[in-house]
Amino acid sequence: MKFVLYGLNYAPELSGIGKYTGDMEAWFSENAHQVDVLTSPPYYPEWSVHSGYRNRWFSRSPLRNGTVVRCPLYVPSRPSTFKRLVHLVSFSVSSGLALSMKLFDKPDFVICIQPTLFCAPLTLLYARLTGAKAVMHVQDYEIDAMFGLDLMRRNFLSRIAKKIESWLMRRFDLVTTISYSMIENAKQKGVDGDKLRLFPNWADVSFVTPSVNGAELKVEWGFCEEDKIVLYAGNIGKKQGLDIVIEVAEQFRTESNTHFVLVGDGVEANALKSDATTRDLPNVHFKPLQSWSRVPEMLALADVHLVIQKCGAADVVLPSKLTNILSAGGHAIVTAEKETELGLLTERFPGIYTRIDPEDSRLLGSSLRVLLNEDLSKPNMVARNYALEYLSRDKILTRFESDLEDLLVDVES
């Protein structure tokens, strides 16, 4: 099959959507499919274009079975709601020009990854002109995210935006998303259930395993063998609300062998560092994003993993960082409301992680004390077994490939 993979984020970004889009391209290429990618220069989560990439004009480079075209865009160093909108629109404009240069190609599929929804009209038009099937893969409902997290006010504009979103999504041949709750959300937006498929984020279960030893990295980062490590790794943004971690670290100030390590970058990173410095917290440590080759070690050195989100975020997006924590057999505390998919998962698989309500530093602190007093030397096999059964990259992408083949068969018949 021949694909155009059309999305804002892509390899070599190490966290979030870019990691999964890069994995998708690599897997399809390894399985003899042709994949062309339209994307931007890598900038996430730092909100700064990575060294070695230019952002003034288009660039093209070869892939295993295709090409990647990187389209220039506006990247704000301190993204506000308005600046994010300009950021998204700028990519849709530049990538639209690049997409128009592929009108004489005859792909089987054009896969638009949301965010950004601004690229959906271009995807539908391109599919109509080339005869390709249009697929939308929803990693994050950006309209819901803006209103659910109060980045925009709920008003006439929000109603118009949601109507446009619904109109666009209903016109795709296939809509996939990463969780069951997000599928239900798509149905509420008017998408026919026959067009919906589950396409969850995955883990490399053969690479991220409980057998990896993090002792070497623990020493490298200056910790003692007996130190307890509480780890957050991923984007440091507004949606996470990581100021709560600093508040909890202050509760553990007198416990010198408990350390809070935040790995990653994002728009709130400097504010968090400043807060930790102001509070004079020697038990808080910031580390840069690690290369993929060191991720298993990083996960292995943690005694407890934190998956932190604000209220209202858990049903907007399923946190991608959780997949590898589960694959590593990690012991995790996840902040999510009980009725969300993250909450329901703990009922279906008791012991997979500890769920608590979001934005409650006292509850997070007390839950952490309980977990740290348990025997954490053995991996969480409930989490590991769940990853093996439901989060295997090969299983998930093979099923997605089959869904696409079925769509082609239905059209031909």
Side-chain angles (χ1 to χ4, degrees), residues 7-10 12-19 39-57 70-95 113-119 139-155 157-158 161 232-247 262-279 281 284-290 306 308-313 316-317 319-321 358-359:
L8 184 61
N9 302 99
Y10 175 67
E13 291 179 355
L14 294 172
S15 65
I17 296 169
K19 176 69 171 62
T39 189
S40 70
Y43 67 88
Y44 185 83
E46 302 89 349
W47 287 89
S48 175
V49 174
H50 293 188
S51 176
Y53 291 86
R54 61 183 183 181
N55 191 34
R56 293 187 176 181
W57 193 241
R70 297 189 183 272
C71 308
L73 78 170
Y74 168 62
V75 181
S77 58
R78 293 289 299 175
S80 62
T81 300
F82 176 74
K83 289 180 179 179
R84 284 177 187 267
L85 290 174
V86 176
H87 163 72
L88 298 174
V89 170
S90 70
F91 175 71
S92 69
V93 171
S94 66
S95 63
I113 298 172
Q114 185 186 168
T116 173
L117 190 68
F118 286 107
C119 292
Q139 283 276 6
D140 192 346
Y141 287 113
E142 59 191 310
I143 301 297
D144 291 357
M146 283 190 285
F147 297 125
L149 295 175
D150 292 324
L151 297 182
M152 294 178 65
R153 299 179 64 182
R154 298 172 186 267
N155 52 20
L157 179 61
S158 74
Y232 172 88
N235 181 39
I236 303 177
K238 290 184 178 180
K239 183 162 55 181
Q240 287 71 33
L242 292 174
D243 50 315
I244 195 174
V245 178
I246 306 301
E247 294 172 11
L262 291 90
V263 177
D265 207 338
V267 296
E268 295 298 305
N270 288 336
L272 282 183
K273 291 176 183 177
S274 177
D275 189 15
T277 300
T278 300
R279 295 175 188 250
L281 297 176
V284 177
H285 312 266
F286 292 88
K287 300 292 182 181
L289 280 171
Q290 301 299 296
L306 298 180
I308 306 296
Q309 300 174 112
K310 285 185 174 181
C311 291
V316 174
V317 59
S320 58
K321 64 181 69 65
E359 301 185 45

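Given the structure is predicted, the values throughout are model-derived calculations rather than measurements. Along the sequence shown, residues are numbered consecutively beginning with 1.
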**Report entry** Set of residues satisfying side-chain contact (heavy atoms from CB on, under 4.5 Å) with respect to S90, sequence neighbours excluded
**Finding:** L73, Y74

Query raised in the report: Taking side chain as C-beta onward, heavy atoms only, is Q139 less than 4.5 Å from Q114?
Result: no

Query raised in the report: To the nearest 0.5 Å, how far apart are CG in L8 and CD1 in I113?
Result: 9.5 Å

**Report entry** Set of residues satisfying side-chain contact (heavy atoms from CB on, under 4.5 Å) with respect to S80, sequence neighbours excluded
**Finding:** F82, K83

**Report entry** Qualifying salt bridge (charged side-chain N to carboxylate O under 4.0 Å, His left out) pairs, either residue in residues 262-275, two or more places apart
**Finding:** D275-R279

Query raised in the report: Run the side-chain contact (heavy atoms from CB on, under 4.5 Å) check on R70 and N55 step by step: do they pass?
Result: CA-CA 8 Å; R70 297 189 183 272; N55 191 34; over 6 Å; no

Report task. List the steps, then state whether side-chain contact (heavy atoms from CB on, under 4.5 Å) holds for Y232 with V263. Result -> CA-CA 6 Å; Y232 172 88; V263 177; over 6 Å; no

Requested in this report: Measure across S95 and S92 and return the closest heavy-atom pair with its distance rounded to 0.1 Å.
Outcome: OG-O, 3.4 Å

**Report entry** Contact check, side chains of K310 and P358, non-hydrogen atoms, under 4.5 Å
**Finding:** no

Query raised in the report: Taking side chain as C-beta onward, heavy atoms only, is F286 less than 4.5 Å from L272?
Result: yes

Query - Taking every non-hydrogen atom, the tightest pair across S94 and C71 - result: OG-CB, 3.4 Å

Query raised in the report: Nearest 0.5 Å, what's the CG-CD1 distance between L242 and I244?
Result: 9.5 Å

Query - Which atom of R56 lies closest to which atom of P72, heavy atoms considered - result: C-CB, 4.2 Å

Query - Atom pair CD1/CD1 of I236 and I308 - distance to nearest 0.5 Å - result: 12.0 Å

**Report entry** Student check: side-chain heavy atoms of N270 and S274 closer than 4.5 Å
**Finding:** no

Query raised in the report: Has the side chain of E142 got a donor or acceptor atom that lies under 3.5 Å from a matching backbone atom of D140?
Result: no

Report task. Please name the pair of heavy atoms, one in G18 and one in E13, separated by the smallest distance, quoted to 0.1 Å. Result -> CA-OE1, 3.9 Å

Query raised in the report: Does the side chain of Y53 come within less than 4.5 Å of P12's, by heavy atoms?
Result: yes

Identify every side-chain donor-acceptor pair in residues 42-50 under 3.5 Å, counting partners at least two apart or on other chains, and give the distances.
from	atom 1	to	atom 2	distance (Å)
Y43	OH	N9	ND2	3.4
Y43	OH	H87	NE2	3.0
Y44	OH	N235	ND2	2.9
E46	OE1	H50	NE2	3.0

Report task. For S40, enumerate each residue passing the side chain to side chain donor-acceptor pair (under 3.5 Å) test, keeping only those at least two apart in sequence or located in another chain. Result -> none

